[in-house]
Amino acid sequence: MRKINVFDTTLRDGEQSAGVNLNFQEKLEIAKQLERLGVDIIEAGFPASSQGDFASVKAIADTVKGSSITGLARSLERDIETTWEALKESAEPRIHVFIATSPIHMEYKLKMTPEQVIENAVAAVKLAKTRFPQVQWSAEDASRTELPFLAKIIRAVIDAGATVINLPDTVGYTTPYEIGQMFRYVSENVPNIDKAILSTHNHDDLGMAVANSLAAIQNGAGQVECTVNGIGERAGNAALEEIAVALNIRQDHYKADTGLVLKEIKRTSSLVSKLTGMVVPNNKAVVGANAFAHESGIHQDGVLKNKETYEIITPELVGVSSNRMVLGKHSGRHAFKEKLVELGFNGTDEQLQKTFVAFKDLADKKKDITEEDLFALMTEATVGS
Ligand code: KIV
Ligand code: ZN
């Protein structure tokens, strides 16, 4: 089984979600929970971006020792030195330095030639290496970069000392097939690639961040970057919980695993949702309120006979106490009876049938059937007969 390192960027890219602003205490609380979850690397922030970010990255680096802490830096001396000041007391100092490599970013944003970008990237990595044992280098907008140029710059930064090479799909543009091709190309065309770990970082603009992350893993990535609940810039980043559970449940297919403490997933998701104010949609995979809820009668009947008929993930695996049978207009007699027995019903089959008919009638008119509704129906059926 291949071990995939989890690089969590909830506190950096995740905090770039519109409307999210975590304070010092909240960041520290999330970092401690990520450590409990078993995340290998926590990107705690962007120390050179503000005094507040510097202070929280430093506090996390000084406190959290079970995960490697990193901070983002542009390819500038000032950013690299500031990041070192924030991280020098961390258990395993690690910097994440980046520069854009796609034609559109080099020409319009950086206003640099490709050769100047290589020079700049090499100088930044060399400087970072004088401070940090672990230097991660990212090719921003890698998925829209010309592959021969990507291979050339990666070779140069590995020679300069980079130990992790991250290839982001910065604008969420790529597809699982294309990202697989990119990782394959780099593995086959960069002669010194065995000196570094390849990493994948995907945004969700076309709803493919998780699929792209899994495709990259299948094609050589040994590190995956993600955020809790998939929060992040624009449509967000690849969701940590979805990647971790997909790898775990489909080990037969991916032959790779993260080693995360999966039973901490629900708690981590709830904490991040509470502190960021970003509500988790009910139908969100793995952590949504409906992820383990069954409403259709056919499904409820199947699950009551054997959970595996309609549940590929056990709720307990991710720290959810049990599945949930939702009683609504699609529910069947079997689940209905189970719920009534749980509420203390001990009437006859005839009374049960009467209650069931009244329940179906009510469910046609009302979306949420509460326990109070069920008690009322039960009483009516038993007292009235
Ligand atoms: O999406 C991106 O390209 C990034 C980089 C800074 C790694 O977040
Ligand atoms: Zn990003």
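Numbering of ligands and ligand atoms starts at 1, following listing order.
From the protein, the heavy atom lying nearest to atom 3 (O) of ligand 1 is Thr170 OG1, 2.6 Å. Of all protein heavy atoms, the one lying nearest to atom 6 (C) of ligand 1 is Arg12 NH2, 3.7 Å. Scanning the protein heavy atoms around atom 7 (C) of ligand 1, the nearest turns out to be His96 CE1, 3.6 Å.
Looking at Arg131 and Glu81, a side-chain N of the basic residue comes within less than 4.0 Å of a carboxylate O on the acidic one, giving a salt bridge. Using a cutoff of 4.0 Å between basic side-chain nitrogens and carboxylate oxygens, Lys354 and Glu380 are not scored as salt-bridged.
For His201, every heavy-atom contact with ligand 1 shorter than 4.0 Å involves the side chain, none the backbone.
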Determine, step by step, whether Ile69 and Arg94 satisfy the side-chain contact (heavy atoms from CB on, under 4.5 Å) criterion, reporting the C-alpha distance in whole Å, the side-chain angles of both residues, the deciding distance to 0.1 Å, and the verdict.
CA-CA 7 Å; Ile69 311 298; Arg94 176 187 293 258; over 6 Å; no

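Atom OH in Tyr177 sits 14.0 Å away from atom CG in Asn212 (nearest 0.5 Å). In this structure, the separation between CG on Asn5 and CD on Glu225 is 10.5 Å, given to the nearest 0.5 Å.
When the N, O or S atoms of Asp13 are ranked by distance to the Zn ion (ligand 2), OD2 comes first.
With the Zn ion (ligand 2) at the apex, His201 NE2 and His203 NE2 define an angle of roughly 100° (rounded to 10 degrees).
Those atoms of ligand 1 that come under 4.0 Å of a heavy atom in Glu140, given as number and element, are 3 (O). Ligand 1 places these atoms under 4.0 Å from at least one heavy atom of Asp13: 8 (O). The His203 neighbourhood of ligand 1 comprises atoms 1 (O), with distances under 4.0 Å to a heavy atom of that residue.
More than 12 non-hydrogen atoms from other residues, nucleotides or ligands lie less than 6.0 angstrom from CG of Asn306. Within 6.0 Å of CZ on Arg144 lie more than 12 heavy atoms contributed by other residues, nucleotides or ligands.
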